[in-house]
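Take a look at the structure set out below.
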Amino acid sequence: MSRFPLSCRRALVLLCAVVPVLAGSMAAAAPGGTAASLTESRTFDTGTGTETAAVSVTSVTPANPTRTGSVTVRGTVTNNGDSPIVGSSVAPRQAVPLRGRGEIDEALARDGFDVSLDGGLIRGHGVDVDTVPPGLSRSFTLRVPVSDLELGDTGVYQVALSLTGQTENEQWDQVLGVGRTLLPWVADDDDLPDEPGTSLTVLWPLISTTHLNPQTDEGQVPILSDDALLSEISPGGRLYQLVTLGADLPVTWVVDPDLLASVDAMAEDYLVQGADGPIPGRGQEVARNWLLQLQEAVEDREVVALPFADPDLASLAHHGKEVPGSLGQLKDATRMAAPTVETVLGVEPTTDFAWPVEGAIDPEIVSVATSANASNVITRSDSLVPADELSRTPSAPRPIGGGITALVADTTLSQLFQEDMSRPGNVARAHQLLLSHTLAIHGQDPEAERNLLLAPQRMPTSSQVQAMAESLTSLRNDGHWIEFADLTETAAAAPAPGAGGPVPSADAYPAELRAQELPVHAFQAMRETRRTLNDFSAILSEPDRVVVPFGSAVQREMSTAWRDRESAAARYRTSVQNQLVQLTEQVSLIDKTRITLSGRSAVIPVTVENGLLQDVQGLELRLTSSRRLGLEVSGPQEVSVGGGLSQSVKFEAHSRANGKAFLEAQLYTPDGKPYGEAMRFQAQVTSITSTVLMVIGVGLLLVVLAGIRMYTQRKRLAAAGGGDDGEAGTTAVEEAPEPPAAPSAGAATGTDRSDSAATRAPSTAPKDGATAGPGAGPDDALPADGAEKELPAGESPADIGAAEPDGADRSEKLDRGGADRDGADRDA
């Protein structure tokens with residue numbers, strides 16, 4: 001029972017209805033899920049007055065009713081106060097005409113309740129609402145005949161729903177909350193032309209993040225970084241929704257070729273990178289079905305191909321142009337677009353459009369966008385001309401100089417579906433706004449031909465895709481004031497008079513978007529990866545097996561998808577570079593330990609190993625010495641090594657002095673750039689080896705012993721009076737042209753025995769009683785019969801030594817010994 005008389009309560013209700021209260025309302029989430037308010041979301045500490053409850057409209061059917069029909073409105077009431085709402089009801093109010101697009105936005109943004117702006121109460125169509133505890137919600141459904149709404153001429157109307165009731169703390173009737181929705185109204189079909197002059201182009205983006213790794217396994221099986229793409233193309237995923245729902249919509253498909261290439265790779269055997277290494281992927285059937293559905297959806301439809309991996313044009317313009325080669329990457333990405341789409345989808349795409357992030361442009365972005373031969377730049381109306389500077393919505397095409405056309409997407413229409421579309425209130429709001437704004441645009445000048453453009457967010461969620469599809473279907477079926485057109489048709493349309501203008505300066509570019517861009521060092525890292533790839537591909541027999549996947553990976557590093565994800569972008573760049581370096585390291589020099597070079601000349605082997613699955617060719621191997629005057633090495637040699645093999649390259653070395661030398665082996669690419677790490681090792685140069693020195697020492701010792709023996713024999717012969725024999729022996733030594741190469745049995749007789757023994761090289765003991773050579777012991781000088789013999793008279797050991805040319809045999813043996821040692825080193 002109320003504590004106030006009825007008259008007082010009525011006075012309070014009237015006071016609340018007349019005095020505007022500036023307050024917002026918001027639907028709070030209730031257990032089991034509740035709808036959001038059609039108004040903007042706001043947070044209140046505790047709702048009071050008209051802020052006590054939030055009235056949310058979750059659906060309006062039909063979207064544009066007929067004169068004899070009715071409108072069914074569903075929604076929720078949420079108690080934002082701290083006291084239960086009791087004895088309340090929701091009732092519709094009379095429709096209020098909204099003159100133009102500005103009033104549409106103001107109606108939904110307005111706070112509080114104003115009877116002059118929200119219309120009079122329509123009695124007899126309200127519905128009671130059960131008690132609503134604080135923080136909880138109650139749903140309602142009410143039905144209003146169109147005739148009671150008092151709709152007038154064709155246009156857009158506001159319909160308010162007010163909640164009147166009490167709270168346990170304030171037990172008198174009052175307006176506790178209000179919700180608003182829009183109602184597009186066509187009073188008479190004659191108000192619309194047979195062929196609407198207003199057309200709408202809707203972009204339908206098929207874009208995702210990067211998933212495909214550049215490196216494959218040994219069997220050329222592709223590897224995906226994760227399994228997220230499988231979720232997106234599976235039933236219920238956002239890419240699945242885009243394809244299945246977009247197939248029945250009048251849209252222009254905007255496709256990232258990288259996405260098609262990634263799903264196409266999943267259609268066959270593929271791997272997914274796991275914590276313990278790649279594991280087999282299991283999405284082949286899903287990938288094939290998705291591609292098949294997409295091929296059917298785009299058949300005979302317009303397809304626009306973005307540059308491969310959807311490069312961030314703003315980042316390139318503001319940072320990438322400072323790094324040489326970055327703009328060339330954009331051109332490569334553009335060239336790859338059409339062939340990729342044609343191969344996967346079997347349709348010929350259009351590549352004449354550039355789409356900067358959120359349509360924000362400045363002169364630098366336009367310059368970069370058109371550097372890859374795009375003549376149309378998709379922008380947004382809030383990036384070119386403020387809405388209040390134009391009396392009506394212009395057509396999308398606007399010339400911006402240099403033969404470039406800006407296709408200006410309507411900001412309001414493009415941002416309709418960016419909210420959380422899992423909440424029915426947001427869906428209803430976007431739905432009614434799309435119908436209302438397009439009708440309002442048509443009403444500005446019904447006879448004028450205009451081309452509108454709706455460019456939504458690049459990667460909408462599943463719920464956003466669903467909301468877009470429902471709204472576009474309703475507009476196509478019920479929006480008789482508009483027709484749909486392809487993007488190329490809109491680009492070819494005549495621009496509105498006076499709608500052109502200069503491109504905003506770089507200072508006008510949104511700061512929040514600039515903060516998300518890729519930094520300069522990111523493009524420097526891309527350049528380093530590209531340089532490594534170019535050097536590596538120059539030596540490969542099948543370069544495309546490496547150039548194509550890693551070139552695509554570099555283009556993915558420029559993707560718009562990395563915006564506001566700098567840490568993830570840096571990890572991806574590092575991963576790509578590391579994978580490429582690991583491949584280049586498969587072609588390398590095998591390390592050598594310290595070596596010894598014996599003799600004046602030698603051969604030094606250097607081994608090149610190829611761990612790749614293809615041949616390498618065109619490499620040049622150079623070996624240089626730190627002692628160029630002491631150790632000379634032969635010139636560079638070309639190297640070709642088969643896949644999985646190694647090859648030993650031999651260099652000739654010539655020494656002039658003993659000692660240590662440091663050698664460096666380095667591979668070079670065909671254009672003279674060093675390839676890989678240099679291999680350094682130490683060489684110990686020994687022109688005369690210890691073995692040769694030992695042989696020389698032994699030989700000298702034998703010569704001395706032979707001289708002593710001969711001298712003893714001659715003294716004995718002289719004592720016996722054998723002077724003639726001595727002269728004859730001396731004559732024999734002088735006439736001998738050269739010492740015999742080797743002794744033979746019976747080669748010397750009579751007095752010649754001693755001469756032969758003095759002049760021949762060390763030998764074994766002669767047969768038939770011949771005198772032993774210098775290699776024999778002293779006792780070997782006795783004849784076989786035991787008789788002692790002496791040197792002929794007149795001969796001396798000095799004369800015998802003169803018969804051996806100085807160093808004749810010894811030099812040959814050193815060289816041969818050195819050569820033999822060199823050969824041993826080579827064998828080792």
Test log, rule side chain to side chain contact (heavy atoms under 4.5 Å, CB included), inputs M526 and Q329: CA-CA 9 Å; M526 298 176 204; Q329 297 295 331; over 6 Å; no

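- Annotation for D227 and Y270: closest pair OD1-OH, 4.1 Å, computed over non-hydrogen atoms.
- Contacts of Q579 classified as side chain to side chain donor-acceptor pair (under 3.5 Å), with partners at least two apart in sequence or in another chain: S575.
- Atom CE of M558 is separated from atom OG1 of T210 by 11.0 Å, given to the nearest 0.5 angstrom.
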Residues L271, N213; criterion side chain to side chain contact (heavy atoms under 4.5 Å, CB included); working and verdict: CA-CA 10 Å; L271 301 173; N213 284 350; over 6 Å; no

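- No donor-acceptor pair under 3.5 Å is formed between the side chain of Q273 and the backbone N or O of I223.
- A side-chain donor-acceptor contact under 3.5 Å links Y675 to the backbone of T584.
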Can you give each donor-acceptor pair under 3.5 Å made by side-chain atoms of residues 609-618, sequence neighbours left out, with the distance rounded to 0.1 Å?
residue, atom, partner, partner atom, Å
N610, OD1, L612, N, 3.0
N610, ND2, Q614, O, 3.0
N610, ND2, V641, O, 3.2
N610, ND2, G642, O, 3.0
Q614, OE1, S541, N, 3.4
Q614, OE1, E542, N, 2.6
Q614, NE2, E542, O, 3.3
D615, OD1, G643, N, 2.8

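- Under the 3.5 Å distance criterion, the side-chain polar atoms of S225 are matched with a main-chain donor or acceptor of H211.
- With sequence neighbours excluded, the residues forming a side chain to side chain donor-acceptor pair (under 3.5 Å) with E620 are R622, listed by chain and number.
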N373/T334 under side chain to side chain contact (heavy atoms under 4.5 Å, CB included): CA gap, chis, key distance, verdict: CA-CA 9 Å; N373 299 324; T334 302; 5.9 Å; no

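- Pairing each heavy atom of F308 with each of P257, the nearest pair is CD1-CB, 3.8 Å.
- Closest of all the heavy-atom pairs between A538 and P670 is O-CG, 3.9 Å.
- The CG atom of L663 lies 6.0 Å from the CD1 atom of I595; values are rounded to the nearest 0.5 Å.
- Checking side-chain atoms of W562 against main-chain N and O of R556 turns up a donor-acceptor pair under 3.5 Å.
- A 4.5 Å side-chain heavy-atom check between L621 and L589 finds at least one atom pair inside the cut-off.
- Rounding to the nearest 0.5 Å gives a distance of 9.5 Å between OG of S559 and OH of Y572.
- Rounding to the nearest 0.5 Å gives a distance of 9.0 Å between CZ of R594 and CZ of F662.
- For the pair L224/S262, no side-chain contact is recorded, criterion being any heavy-atom separation below 4.5 Å from C-beta on.
- Between L619 and V587 the shortest side-chain heavy-atom distance falls below 4.5 Å.
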Criterion side chain to side chain contact (heavy atoms under 4.5 Å, CB included) on L518 and E566, from CA distance to verdict: CA-CA 7 Å; L518 296 172; E566 174 55 25; 3.9 Å; yes

side-chain hydrogen bond (donor to acceptor under 3.5 Å, both in side chains) between E664 and T624, intermediate numbers included: CA-CA 5 Å; E664 179 179 280; T624 57; 4.6 Å; no

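- Contact of the Q555 side chain with the D258 side chain is not registered, since no non-hydrogen atoms from C-beta on lie closer than 4.5 Å.
- Remark: D256 pairs with no residue by the salt bridge (Lys or Arg N to Asp or Glu O under 4.0 Å) rule, at least two apart or across chains.
- With a 4.5 Å cut-off on side-chain heavy atoms, L330 and S371 count as touching.
- With hydrogens and angles disregarded, no donor-acceptor distance shorter than 3.5 Å links the side chain of T529 to the backbone of Q577.
- Counting heavy atoms from C-beta on, the side chains of T607 and V649 never come closer than 4.5 Å.
- Nearest approach of I604 to A653, heavy atoms of both residues: CD1-CB, 3.8 Å.
- Applying the side chain to side chain donor-acceptor pair (under 3.5 Å) rule to T532 yields no partners; only residues at least two apart in sequence or on another chain are considered.
- The environment of E528 atom CD is dense: over 12 non-hydrogen atoms of other residues, nucleotides or ligands sit within 6.0 angstrom.
- For the pair V704 and L700, the minimum side-chain heavy-atom distance is 4.5 Å or more.
- Atom CD of Q647 and atom CD of Q637 lie 9.0 Å apart (nearest 0.5 Å).
- For N578 (side chain) and T574 (main-chain N/O), a donor-acceptor pair under 3.5 Å exists by modelled atom type.
- To the nearest 0.5 Å, atoms OG (S626) and CZ (R680) are separated by 11.0 Å.
- Annotation: R282, atom CZ; neighbour count of heavy atoms from other residues, nucleotides and ligands within 6.0 Å does not exceed 12.
- The two residues K592 and P605 have their closest heavy-atom pair at NZ-O, 3.0 Å.
- Proximity of R527 to P324: side-chain heavy atoms (C-beta onward) are separated by under 4.5 Å at one or more points.
- Closest heavy-atom contact between V548 and S552: O-OG, 2.8 Å.
- Each salt bridge (Lys or Arg N to Asp or Glu O under 4.0 Å) pair with one or both residues in residues 316-334, not counting sequence neighbours, appears once here: K321-E364, D332-R335.
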